[in-house]
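Below: one structure, written as structure tokens.
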Amino acid sequence: MTRSTVAPPHAQSCAYSRAARELSLKRSQFDLAVNLGRIRTVPDEGGGGRRVARTEIERLHAEPGFPDTLTKSVHAVGTTEGAAVMQVPPSRFTRLAKLGLVVPVSFYLNRYRAVVWLYLADELRQFAADKDNVTLLTGRTPEGMRDQLAAGVDLRPRNWRGRHLGFLLRQAEGPWQRAGALAALLDPVHVAQIARDPYERSHLNRFRPAPPAHGAPGSPAAHLVERITTADDPDEIAWLRSDLTHALQEARGHQPAPRPIAKQAPPRPVAEPERPASIRRPRRGLLGWLRRRSV
């Protein structure tokens with residue numbers, strides 16, 4: 001008997017945790033590399049999420065400078081280290097971030113529940129190396145930007161949401177997944193106004209990614225993360241609603257949301273037609289009385 005040469009699906013790919021070890025990455029670095037498209041993933045044929053193909057790991061191993069090059073490409077830094085990379089004071093770095101000139105790639109909450117924004121070190125180096133940005137790094141902040149800062153502008157949450165949406169859309173595998181990615185950044189009230197049908201809304205929520213995990217559900221940390229991950233600017237909400245409306249139209253055309261099958265009522269019994277009075281059978285008691293009268 002000849003042996004089968006077809007390897008089982010899981011022998012051709014591996015889980016995220018193992019892939020991270022084989023690529024010499026911390027799990028946070030690995031997740032960021034996947035989001036950025038540095039590491040390509042494939043669906044798990046068993047329905048257990050996504051995996052990394054062995055061929056992808058081999059490709060990355062063959063890249064020049066592995067693993068240092070890959071690790072450097074996903075190295076994320078906070079405000080203090082980011083300011084050092086750009087050779088500016090942390091206060092100036094924070095102003096540049098609030099104005100949206102440098103965009104965070106991720107965030108976390110420290111033990112005091114303060115938001116710590118993280119930035120790609122490679123992007124900060126590129127920004128600092130651009131001659132057009134010299135005045136922003138060394139000169140006086142332009143008046144218009146100073147006015148924005150004085151008004152309390154802080155584009156870090158919105159810019160992170162825009163980048164995070166790009167991550168989600170990159171991993172979406174179909175129209176419903178793309179619609180779910182857009183719905184993930186909207187308040188449920190806005191989603192309900194667009195997906196009015198309850199079955200459609202329930203189906204959409206199946207593909208709505210959960211926000212980054214920070215704290216137990218319902219905890220102050222979870223509420224803070226929810227505020228960061230939910231669009232709050234009117235312009236941002238408007239274009240997200242518009243994109244979700246178009247995405248839902250595409251999803252409906254591709255495959256309508258499932259609905260429960262209506263149960264058929266059992267057939268009603270057919271009543272026996274009532275006999276005319278002239279041919280009704282006499283009651284047994286009356287028939288006996290007539291017989292007794294004839295005796």
Using the six-membered ring wherever Trp is involved, compare the ring planes of Trp160 and Phe107 and label them parallel, tilted or perpendicular (cut-offs 30° and 60°). perpendicular

Ring geometry between Tyr119 and Phe93 (parallel below 30°, tilted from 30 to 60°, perpendicular above 60°): perpendicular

Does the side chain of [Y] come within less than 4.5 Å of [X]'s, by heavy atoms?
| X | Y | answer |
| --- | --- | --- |
| Phe127 | Val85 | no |
| Glu200 | Arg252 | yes |
| Pro188 | Arg208 | yes |
| Glu22 | Val52 | no |
| Ile228 | Trp117 | yes |
| Thr69 | Pro64 | no |
| Arg161 | Asp232 | yes |

Any sub-3.5 Å donor-acceptor pair from [X]'s side-chain atoms to [Y]'s backbone N or O?
| X | Y | answer |
| --- | --- | --- |
| Trp176 | Gln255 | yes |
| Arg51 | Asp44 | no |
| Thr230 | Arg227 | no |
| Ser202 | Pro198 | no |
| His223 | Gly218 | yes |
| Gln29 | Lys26 | yes |

Basic-acidic side-chain contact under 4.0 Å: Glu58, Arg54: no

Salt bridge between Arg163 and Glu123, side-chain N to carboxylate O under 4.0 Å? yes

Shortest non-hydrogen contact from Ala179 to Leu248? CB-CD2, 4.3 Å

Pick out which of Leu136, Leu96, Asn133, Val77 makes a side-chain contact (heavy atoms from CB on, under 4.5 Å) with Met86. Leu96

Rounded to the nearest 0.5 Å, what separation is found between the CG atom of Asn35 and the OG atom of Ser106? 9.0 Å

Count I, L, V, M, F, W, Y as connected when their side-chain heavy atoms are under 4.5 Å apart, and connections chain through other members. Are Ile194 and Tyr199 then in the same cluster? no

Does Leu118 share a hydrophobic cluster with Leu120, counting links as ILVMFWY side-chain heavy atoms below 4.5 Å and allowing steps through other members? no

Is there a donor-acceptor contact under 3.5 Å linking the side chains of His75 and Glu81? yes

